[in-house]
J.: 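Quick one: the structure is below, and I'll ask about it shortly.
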Amino acid sequence: MRILVTNDDGIYSPGIACLAKVASRFGEVTVVAPDVEQSSMGHAITASRPLNYKASPIKFDNLQAYRVNGTPADCVALGMHLWATTDVVLSGINMGTNLGNAMWHSGTLAAAKQAVLLGCKGIALSTVTDKIEPDFDALEPYVEEALNLLLGKPDDEVRLINVNFPPNPTGIQWTRQSVRLYDNEVVPATDPRGRKLYWFNTIPLEPAEEGTDRWAVENGYTSITPLRLDLTDEKALARAIVKTQHV
């Protein structure tokens, strides 16, 4: 199996080092990641300037690793162009969860989506980050457990997957995306020179419902959510067609 590993935290992140290490137990790994952090970049594609790739300034054990002056989706597009025989793209391990509504702006998930758009399986992996850095050594066996489950499934069964780990998982749950409401919070601040700054933050307005990704992680489970690229609201479409036919 030929595996492309990327992320949105950048080539220096300990999360990508952990993922590449675990992924190498499943096949031949190549790392292609942004040269700087690209968190919350979403599915941005660089179209206004050329891209290039260079050897990684840090070493991955016996693995080819490169940095790209672009977004997570750029890294996947370029990586799959240069290594056209890629079987699966793994994105992460993101330092911070990508649950519920966060999927819309996640650069980590966008990399996995880009893989699927290009005809390859894509798996995004993220973990909880509090005030201290995640213990990736302790997380390794749970990452391997999730990959062992997902890489053994046929591509036509599940192609786009979002995985989120609590600090010490007690099991795995298949989940759906939480779509409960959030409140966009703007937090004003000042820099050392007294100039105004603003931080964007989100606060859940509703508790997570059982069976969702948020609920699973909040209750100590690894959450695995199968996703699709088709955003069509099938029920709304069916209602609209019926109304049109009766006009």
Side-chain angles (χ1 to χ4, degrees), residues 1-39 41 46 51-96 98 106-116 118-127 129 133-153 155 159-165 222:
M1 181 178 292
R2 293 179 175 86
I3 303 170
L4 182 68
V5 172
T6 191
N7 72 350
D8 74 352
D9 288 327
I11 193 71
Y12 299 97
S13 172
I16 198 171
C18 174
L19 181 56
K21 179 181 178 182
V22 176
S24 66
R25 301 167 192 166
F26 294 86
E28 178 184 330
V29 171
T30 302
V31 177
V32 183
D35 56 1
V36 295
E37 184 174 349
Q38 297 278 344
S39 295
M41 185 57 66
T46 301
L51 298 173
N52 61 63
Y53 73 103
K54 300 177 182 178
S56 169
I58 60 171
K59 300 300 180 183
F60 292 77
D61 292 341
N62 300 315
L63 301 178
Q64 289 185 305
Y66 304 92
R67 54 183 169 136
V68 175
N69 61 331
T71 68
D74 289 336
C75 292
V76 173
L78 183 58
M80 289 185 65
H81 171 76
L82 296 171
W83 293 277
T85 53
T86 299
D87 296 306
V88 62
V89 171
L90 305 179
S91 179
I93 301 168
N94 192 64
M95 295 175 64
N98 282 299
S106 168
T108 304
L109 184 57
K113 289 190 293 180
Q114 182 68 16
V116 179
L118 295 175
C120 184
K121 177 181 284 189
I123 303 174
L125 304 99
S126 308
T127 190
T129 299
E133 188 174 286
D135 186 346
F136 287 107
D137 288 338
L139 200 61
E140 265 190 40
Y142 304 107
V143 177
E144 183 171 6
E145 180 184 28
L147 292 183
N148 191 55
L149 173 65
L150 295 174
L151 294 180
K153 287 189 172 294
D155 286 356
R159 292 183 61 80
L160 178 60
I161 308 113
N162 189 36
V163 183
N164 285 270
F165 301 97
T222 295

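Note that the coordinates shown come from a computational prediction; the quantities given were computed from them, not determined experimentally. Numbers for residues simply follow the sequence, beginning at 1.
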J.: Taking all atoms of both residues into account, what is the closest heavy-atom pair of Ala20 and Val29, and its distance?
T.: O-CG2, 4.2 Å

J.: Return the OG1 to CZ distance between Thr85 and Arg2, rounded to the nearest 0.5 Å.
T.: 4.0 Å

J.: Do Val5 and Ile16 come close enough that some side-chain heavy atom pair is under 4.5 Å?
T.: yes

J.: Taking salt bridge (charged side-chain N to carboxylate O under 4.0 Å, His left out) as the definition, give me every residue that meets it alongside Arg25, ordered by chain and number, with sequence neighbours left out.
T.: Glu140, Glu144

J.: Do the side chain of Ser13 and the main chain of Gly10 share a donor and acceptor less than 3.5 angstrom apart?
T.: no

J.: List the atom of Leu90, the atom of Ala23, and the distance in Å for their closest heavy-atom pair.
T.: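 Result for this residue pair: CD1-CB, 3.6 Å.
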
J.: If you compare all heavy atoms of Thr6 against all heavy atoms of Pro34, which two are closest, and at what distance to 0.1 Å?
T.: OG1-CD, 4.2 Å

J.: Between Ala55 and Arg67, which heavy-atom pair has the shortest distance, and what is it?
T.: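 Closest approach of Ala55 to Arg67: O-NE, 3.4 Å.
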
J.: To the nearest 0.5 Å, what is the distance between SG on Cys75 and CD on Gln38?
T.: 7.5 Å

J.: Return the minimal non-hydrogen interatomic distance between Val76 and Leu118, and the atom names on each side.
T.: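 Heavy-atom minimum between the residues: O-CD1, 4.4 Å.
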
J.: Do Lys113 and Leu160 come within less than 4.5 Å of each other through their side chains, counting heavy atoms only?
T.: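 Result yes, sub-4.5 Å side-chain heavy-atom pair found.
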
J.: Rounded to the nearest 0.5 Å, what separation is found between the CE atom of Met1 and the CD atom of Glu28?
T.: 12.0 Å

J.: Go through the side-chain N and O atoms of Asn7 and Ser91 and say whether any donor and acceptor fall under 3.5 Å apart.
T.: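 No, because no side-chain N or O of Asn7 sits under 3.5 Å from a partner of the opposite role on Ser91.
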
J.: How far does CG of Leu51 sit from CG of Asp74, to the nearest 0.5 angstrom?
T.: 4.5 Å

J.: Mark yes or no for whether Arg159, through its side chain, and Ala115, through its backbone, hold a donor-acceptor pair below 3.5 Å.
T.: no

J.: Are Tyr66 and Ile11 close enough that some pair of their side-chain heavy atoms sits under 4.5 Å apart?
T.: no

J.: Would you confirm whether the ring centroid of Phe165 sits within less than 6.0 angstrom of the ring centroid of Tyr142?
T.: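 No, too far apart.
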
J.: Within a strict 4.5 Å, meaning less than it, do heavy atoms of the Ile123 and Val89 side chains meet?
T.: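 A side-chain contact under 4.5 Å is absent here.
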
J.: Between Lys59 and Ala65, is there a donor-acceptor pair closer than 3.5 Å when you use the side chain of the first and the backbone of the second?
T.: no

J.: Any side-chain heavy-atom pair from Thr71 and Thr46 closer than 4.5 angstrom?
T.: yes

J.: Please tell me if the side chains of Asn164 and Asn162 come closer than 4.5 Å, counting only heavy atoms from C-beta onward.
T.: yes

J.: From Leu4 CG over to Cys120 SG, what is the distance, rounded to the nearest 0.5 angstrom?
T.: 8.0 Å

J.: Any side-chain heavy atom of Phe60 within less than 4.5 Å of one from Lys21?
T.: no

J.: Do Leu82 and Tyr53 come close enough that some side-chain heavy atom pair is under 4.5 Å?
T.: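 In short, these two side chains touch, coming nearer than 4.5 Å.
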
J.: Taking it one step at a time, do Leu147 and Leu125 satisfy side chain to side chain contact (heavy atoms under 4.5 Å, CB included)?
T.: CA-CA 10 Å; Leu147 292 183; Leu125 304 99; 4.2 Å; yes

J.: Hey, does the side chain of Asn69 reach the backbone of Asn52 with a donor-acceptor pair shorter than 3.5 angstrom?
T.: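 Pair found, side chain donor or acceptor close to backbone of Asn52.
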
J.: When you measure from the side chain of Asn148 to the backbone of Glu145, do you find a donor-acceptor pair of N or O atoms at a distance under 3.5 Å?
T.: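 Judged by distance alone, no pair lies under 3.5 Å.
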
J.: When rounded to the nearest 0.5 angstrom, what is the spacing between NZ in Lys121 and CD1 in Ile3?
T.: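 Those atoms lie 10.5 Å apart.
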
J.: Determine the minimum heavy-atom distance between Phe136 and Cys18, stating which atoms define it.
T.: O-SG, 3.6 Å

J.: Which residues satisfy the side chain to side chain donor-acceptor pair (under 3.5 Å) test with Glu37, sequence neighbours excluded?
T.: Ser39

J.: Please identify each residue that fulfils side chain to side chain donor-acceptor pair (under 3.5 Å) with Thr108, with sequence neighbours left out.
T.: Asp8, Asn94

J.: Apply side chain to side chain contact (heavy atoms under 4.5 Å, CB included) to the pair Ile161 and Val163, showing each step before the final yes or no.
T.: CA-CA 6 Å; Ile161 308 113; Val163 183; 4.0 Å; yes

